[in-house]
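Worksheet: the structure to be examined is printed underneath.
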Amino acid sequence: MWQSTKGRDGTVRRLRNRLAGALLSVLALTLAATGCGGSSGAASGGDGGASRAAPAGESVANRVEPLAKRPEPRLPVTVRSADGERVTVERAERIVPLSGSLSEIVFTLGLGDRVVARDVTATFEQAAGLPVVTRGHDVSAESVLSLKPDLVIAETTTGPEEAVGQIRAAGVPVLFVEAAKALDDVGPRIEAVADALGVPAAGKELTRRSEQRIAAVRGDVPHGEKPRVAFLYLRGSASVYLIGGADSGAGSLIEAAGAVDAGAASGLDEDFTAITSEALVEAAPDAILVMSKGLESVGGVDGLVKIPGIAQTPAGMDRRVVSVEDGVLLNYGPRTDQVLESVVAQLYGEDGKGGDR
């Protein structure tokens, strides 16, 4: 059983608070600790694949694919922010998205040349040269304001609140977008950003493209007995090992891959719970889903199965591990079809089992 000290308990509580919104918080915490690289392979485990026919271990494409026709914003517009405020956007020449997921949407809409900074979780190639001004829950108001933005786009989980409030108090429009939790959030998030940028038609087009591609991947998911998949959040350097529950944000992706969320099915109702041998026995996962940097932090698959309880699960015995880059795994955005392809390819593999052996 994983033994927690008072310090570790505090770390877990802080992580659970930050992970309450699922996607943004998980990505920000992992990448803030390990750097911006989102495409490096996980030791002994492999990364996500970008093609349904690709073998496990290939990376999700590290570039976004903008719409074929670049839209021209029609401004000003007034839109409703997810925090209830009405936000008027008069110009969108200098945009600062405060998460990698939001940056991905802006770039894919074809307006990436207007983005002047990025969050640490924006790991795709087109954003690589932008200055990092925020780490999800560590927004620097001074850094953001120094770029003289016309519009700041934030997640509802972005913080600290004081920093975001300072940006608004300086007269900069701040649009909050609901944090991503499931596949159904892909379209609404894209359209919320597109509407604020004065390109609603492009938002609808990108939504259609994204949803069609996701549907195509789901149509190729093997039928039969559904494997049980546990989503683990790993931070080996801090001895933090968590198992995702019903609110982890991974359930929708796992289910779309034709599997069962083992954590939720075992009765874990919260976002994340500290790993114990008892929790793992109850979850009984056939496969384990992890972020690639988290897998690296514990020494790859060889290190993962040394965590007490892992080796006794069906997943641990089969070394059946699915690993996808931190900066894209739970984005629920324009590249989610590629993420799903990767998960399916690794989960089932050519022999119908997948995993690292």
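For clarity, every value in this text was computed on a predicted model and none was experimentally measured. Every heavy atom of this structure was used, including side-chain atoms; hydrogens, water molecules and symmetry mates were not.
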Check: Which atom pair, heavy atoms only, marks the closest approach of Leu183 to Ser252?
Finding: N-OG, 3.0 Å

Next item on the list: Of all the heavy-atom pairs spanning Gly236 and Val298, show the shortest one and how long it is.
Entry: CA-CG1, 3.9 Å

Notebook entry, point to check: Pick one: which of Leu295, Leu330, Val339 meets side chain to side chain contact (heavy atoms under 4.5 Å, CB included) with Val324?
Noted result: Val339

Notebook entry, point to check: With Ser146, which residues qualify under side-chain contact (heavy atoms from CB on, under 4.5 Å), at least two apart?
Noted result: none

Checklist line | Val152 side chain reached by Leu175 side chain, heavy atoms, under 4.5 Å | finding: no

Check: Would you say Thr276's side chain and Ala279's backbone share a donor-acceptor pair under 3.5 angstrom?
Finding: yes

Item checked: Spacing of Thr273 atom OG1 and Leu268 atom CG [to the nearest 0.5 Å] -> 4.5 Å

Notebook entry, point to check: Can you tell if the side chain of Gln346 reaches within under 4.5 Å of the side chain of Val321, non-hydrogen atoms only?
Noted result: no

Checklist line | Pairwise distance CG(Asp337) to OG(Ser342) - rounded to 0.5 angstrom | finding: 11.5 Å

Check: Is a side-chain donor or acceptor of Arg114 paired with a backbone partner of Ile95 at a separation under 3.5 angstrom?
Finding: no

Check: Is the backbone N or O of Glu85 less than 3.5 Å from a side-chain atom of Asp83, with the two atoms forming a donor-acceptor pair by type?
Finding: yes

Item checked: Pair listing, ring pair (Phe, Tyr, Trp, His ring centres under 6.0 Å) test, anchored in residues 61-90, at least two apart -> none

Checklist line | Main-chain N/O of Arg228 paired with Asp286 side-chain donor or acceptor, under 3.5 Å | finding: yes

Notebook entry, point to check: So which heavy atom on Leu280 is nearest to which on Pro308, and how close?
Noted result: CD1-O, 3.7 Å

Item checked: Pairwise ring pair (Phe, Tyr, Trp, His ring centres under 6.0 Å) hits with a residue in residues 273-292, at least two apart -> none

Next item on the list: List in chain and number order the residues that pass side chain to side chain donor-acceptor pair (under 3.5 Å) with Glu191, two or more places apart in sequence or in another chain; answer none if no residue qualifies.
Entry: Thr207

Next item on the list: Would you please test Glu161 and Val164 for side-chain contact (heavy atoms from CB on, under 4.5 Å) and show each step?
Entry: CA-CA 5 Å; Glu161 293 183 9; Val164 179; 5.8 Å; no

Next item on the list: State the CG-CG distance between Leu253 and Asn331, to the nearest 0.5 angstrom.
Entry: 11.0 Å

Which atom pairs, donor and acceptor, lie under 3.5 Å between side-chain atoms of residues 193-203 and protein residues at least two apart or in another chain?
none

Notebook entry, point to check: Taking the side chain from Asp326 and the backbone from Lys293, do they hold a donor-acceptor pair closer than 3.5 Å?
Noted result: yes

Next item on the list: Show the numbers, then the answer: is there a side-chain contact (heavy atoms from CB on, under 4.5 Å) between Arg209 and Thr108?
Entry: CA-CA 11 Å; Arg209 189 184 85 176; Thr108 310; 3.3 Å; yes

Margin query: Check whether Arg94 reaches the backbone of Leu147 with its side chain - one donor and one acceptor, N or O, closer than 3.5 Å.
Written below: yes

Notebook entry, point to check: Within the distance-only criterion (no hydrogens, no angle test), does the side chain of Thr156 pair as donor or acceptor with the backbone N or O of Ala179 below 3.5 angstrom?
Noted result: yes

Check: With sequence neighbours left out, which residue pairs that include part of residues 79-116 fulfil the ring pair (Phe, Tyr, Trp, His ring centres under 6.0 Å) condition?
Finding: Phe107-Phe124

